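The structure under discussion appears below in the form of structure tokens.
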Amino acid sequence: MYALVDAVAFYASAEKVFNPALRTKPVVVLTNNDGCICAVCPIARRLNIPKFQPYFKVKHLLAKHNVVICSSNYELYADLSDKMMNIISRFCDNQYVYSIDESFLHFNGFTPLINDWHQYGQLIRRTVWRETKLPVGVGFGPTPTLAKAANHAAKKLSGFNGVAVIDNEQSRTTILAAMDVGDVWGVGRRLTKKLKLLNINSALDLAQQSPSHIKRLFSVVLARTVDELNGRPTLNWHDVQHNKREVFSTRSFANRLTCPIALKTALVSHAMIVARKLRAQHCVTKRLLLFIASSPHEQHYAKKSLIYELPTPSADSTIFANAVTAIFEQLYQVGVRYYKCGVGALEVSAAQFQQHDLFNQKTDNIKLMSCLDAVNKRYGADTLTLASQQQTNQWHMKRTFLSPHYTTRWHHLPKIACC
DNA sequence: TCTGGGGTCCTAGGACCC
DNA sequence: TCTGGGGTCCTAGGACCC
């Protein structure tokens, strides 16, 4: 049995944790630079506030309904996520954290101990709420895709109260019949359109197709989804939690940038983040992709990217920073109003399988990197940085509606007044 | 006045080579 | 009048997810 546990409008709910006055109000959270709406709490959803719309386009709508607007407070969300994931992990023997607010659970040894999945799901919800004040939804199913579908039902369909279980033919068909095909995991806008032309409208319609037919018309990936919807697992636990094959860090700037020093500083910071992410999944990369670009919404879109081949596969921040220095001149053009930049690791592989190169002594300084990671884990992500990250901070993002750092700054702690 | 997210994976099409 | 291969690598853009 699999489960998918995720938070309801996680970022918006996180804002309500330390500010209970918000709990009865409509709340939205904006993406970086206050660009788009990325989380809409249930109260705001009932007011038809759309997700992923540019903020400036829906400003009037938000004002009309007195919606509370928050900038993204990633430090807060990351901390609350850690706490939530920790609690959830107590309820299974296998947890895979799929995103900041979602985790898949797999029950092996636990299964014989659980006789009622509904009750068990409610226990998870109650415990997470009691210890974090975050609302979560829980879906159980015999495959990851069905657990996702059950989770969708738990949160979106009436009568489920936050927990849904697919454990027999009747529960499977009931839930899939009530689910739009576009809400199936892996079916996006484009596929939805094509499927609906074929009169495949619900998740159940898709499940009733023959996998080989779907494979011919679409792809092997969608054929697997059909199998999964029928309770035939095609993704095993190992597939669900595979390492990333590409790792990126990119950001748009608060204001357009023309200064080369600021751009280079931003790129070095992204290189550091990529290196840290790689080390966290015990991987290295052979090639780094660096890019800088103007805004795609402007008339003259200018994007330039270059690939830097590393002499040996690496996840060393200092080696990555040197790569940025080595090719920055080729990337930068005078006169472009830069909007975004980023660094990506391509051809990612497991660090343990690396061949050592006799002739290349420039290998990762593993001790130094472990020390860097340990210090930053203990004292906050940017405690130890490279000198080249410190030259300017003019590329940092705009967060007009930022809430206090309740969990990472002493002087932001909520105060309780006694009278 | 101006403003439009970030991450990962996949694929089609072109360049290049033999 | 019709006809000209196959493999690899690279890249940009798109699909999908949250």
Side-chain angles (χ1 to χ4, degrees), chain A residues 4 6-14 28-40 50-60 69 71-72 74 77 81 97-104 137 144-145 148 151-152 155 181-195 218-222 224-225 235 239-256 270 273-274 277-278 281 283 285-287 289-291 293-299 301-309 337 339-348 397-400:
Chain A
L4 184 81
D6 73 350
V8 177
F10 178 59
Y11 291 178
S13 297
V28 298
V29 179
L30 306 179
T31 56
N32 280 310
N33 296 321
D34 300 335
C36 292
I37 294 181
C38 69
V40 180
K51 218 171 152 184
F52 298 118
Q53 285 291 311
Y55 166 56
F56 73 92
K57 286 190 178 172
V58 287
K59 225 173 184 170
H60 61 282
I69 299 158
S71 299
S72 297
Y74 289 111
Y77 309 151
S81 170
V97 177
Y98 174 69
S99 73
I100 191 161
D101 77 317
E102 286 180 279
S103 59
F104 278 102
T145 307
K148 264 274 200 192
N151 176 281
H152 178 267
K155 294 197 305 182
V181 72
D183 292 324
V184 172
W185 192 31
V187 178
R189 252 204 333 239
R190 206 180 107 100
L191 275 176
T192 303
K193 211 171 144 191
K194 284 175 81 175
L195 286 165
F218 295 91
S219 68
V220 65
V221 181
L222 193 61
R224 281 195 204 123
T225 300
L235 297 164
D239 295 330
V240 173
Q241 51 180 341
H242 74 271
N243 279 331
K244 310 267 184 288
R245 289 184 277 269
E246 287 180 1
V247 173
F248 274 77
S249 173
T250 72
R251 279 284 174 289
S252 49
F253 309 120
N255 301 108
R256 303 289 189 261
H270 290 305
I273 291 167
V274 170
K277 284 185 181 175
L278 286 175
Q281 65 169 39
C283 283
T285 183
K286 262 191 350 208
R287 337 179 64 191
L289 181 135
L290 292 87
F291 77 86
S294 67
S295 167
H297 305 291
E298 277 170 28
Q299 230 176 6
Y301 180 46
K303 179 176 177 183
K304 188 154 185 189
S305 64
L306 283 172
I307 285 176
Y308 185 87
E309 302 270 348
R337 295 173 69 238
Y339 160 78
K340 187 175 187 173
C341 77
V343 173
L346 312 173
E347 286 189 45
V348 171
M397 52 194 174
K398 178 161 70 187
R399 296 197 285 187
T400 311

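In this text the structure is predicted, and so the values were computed from the model without any measurement. In what follows, chains carry the letters A, B, and so on, assigned in the order in which the sequence lines appear, proteins first and then strands, with residues in each chain numbered from 1.
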[X] side-chain proximity, nearest of [options]:
X      : options               : result
A:C36  : B:dG4, B:dC10, B:dT8  : B:dG4
A:R190 : B:dT8, C:dC17, C:dC16 : C:dC16
A:R251 : B:dG6, B:dG5, C:dC18  : B:dG6
A:D101 : C:dC18, C:dC16, B:dT3 : C:dC18
A:F248 : B:dT8, C:dC18, B:dG4  : B:dT8
A:P54  : B:dC10, B:dG7, B:dG4  : B:dG4

Between [atom2] of [N] and [atom1] of [X], the distance in whole Å:
X      : N      : atom1 : atom2 : answer
A:F291 : B:dG5  : CZ    : P     : 12 Å
A:Y308 : C:dC10 : OH    : P     : 17 Å
A:L195 : C:dA15 : CG    : P     : 14 Å
A:R245 : B:dC10 : CZ    : C1'   : 10 Å
A:L346 : B:dT8  : CG    : P     : 11 Å
A:R189 : C:dC18 : CZ    : P     : 15 Å
A:K304 : C:dG13 : NZ    : P     : 15 Å
A:I307 : C:dC9  : CD1   : C1'   : 10 Å

* Please name the pair of heavy atoms, one in A:P144 and one in A:W185, separated by the smallest distance, quoted to 0.1 Å. => CB-CZ3, 4.1 Å
* Closest contact, heavy atoms only, A:L191 versus A:G186 ->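 A:L191 and A:G186 have their closest heavy atoms at CD1-O, 3.7 Å.
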* Asked: Between A:Y77 and A:Y11, what is the ring plane arrangement, given parallel below 30°, perpendicular above 60°, and tilted in between?
  -> parallel
N or O in side chain of [X] less than 4.0 angstrom from [N] OP1/OP2:
X      : N      : answer
A:S252 : B:dG6  : yes
A:H242 : B:dC9  : yes
A:R287 : C:dC10 : yes
A:T250 : B:dG7  : yes
A:R256 : B:dG4  : yes
A:S305 : C:dA12 : yes

Contact class for [X] vs. all strands (heavy atom < 4.0 Å): base, sugar-phosphate, or nothing?
X      : answer
A:Q53  : nothing
A:S72  : nothing
A:V184 : sugar-phosphate
A:S295 : nothing
A:H270 : nothing
A:K51  : nothing
A:I100 : nothing
A:Y11  : nothing
A:F52  : base
A:L30  : nothing
A:G342 : nothing

* Side-chain heavy atoms of A:K155 within contact of A:D6, under 4.5 Å -> yes
* Asked: What does B:dT8 pair with, Watson-Crick or G-U, if both distances are under 3.5 Å?
  -> C:dA15
* To do: Kindly determine whether A:L235 and A:R224 satisfy side chain to side chain contact (heavy atoms under 4.5 Å, CB included), including the steps that lead there.
  => CA-CA 8 Å; A:L235 297 164; A:R224 281 195 204 123; 5.7 Å; no
* Which residue lies more 5' along DNA chain B, comparing A:Y339 with A:E246 via nearest heavy atoms ->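 Mapping each residue to its closest nucleotide by heavy atoms, the 5'-most match is A:Y339.
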* Asked: Which residue lies toward the 5' end of DNA chain B, A:V247 or A:K59, if each is placed at its nearest nucleotide?
  -> A:K59
* Asked: Could you walk me through whether A:V29 and A:S72 pass the side chain to side chain contact (heavy atoms under 4.5 Å, CB included) check?
  -> CA-CA 6 Å; A:V29 179; A:S72 297; 4.0 Å; yes
* **Worked verdict on A:T31 versus A:N33 for side-chain hydrogen bond (donor to acceptor under 3.5 Å, both in side chains)** => CA-CA 6 Å; A:T31 56; A:N33 296 321; over 6 Å; no
* Asked: How far apart are the C-alpha atoms of A:V240 and A:Y98, what are their side-chain angles, what is the distance that settles it, and do they pass the side chain to side chain contact (heavy atoms under 4.5 Å, CB included) test?
  -> CA-CA 8 Å; A:V240 173; A:Y98 174 69; 5.6 Å; no
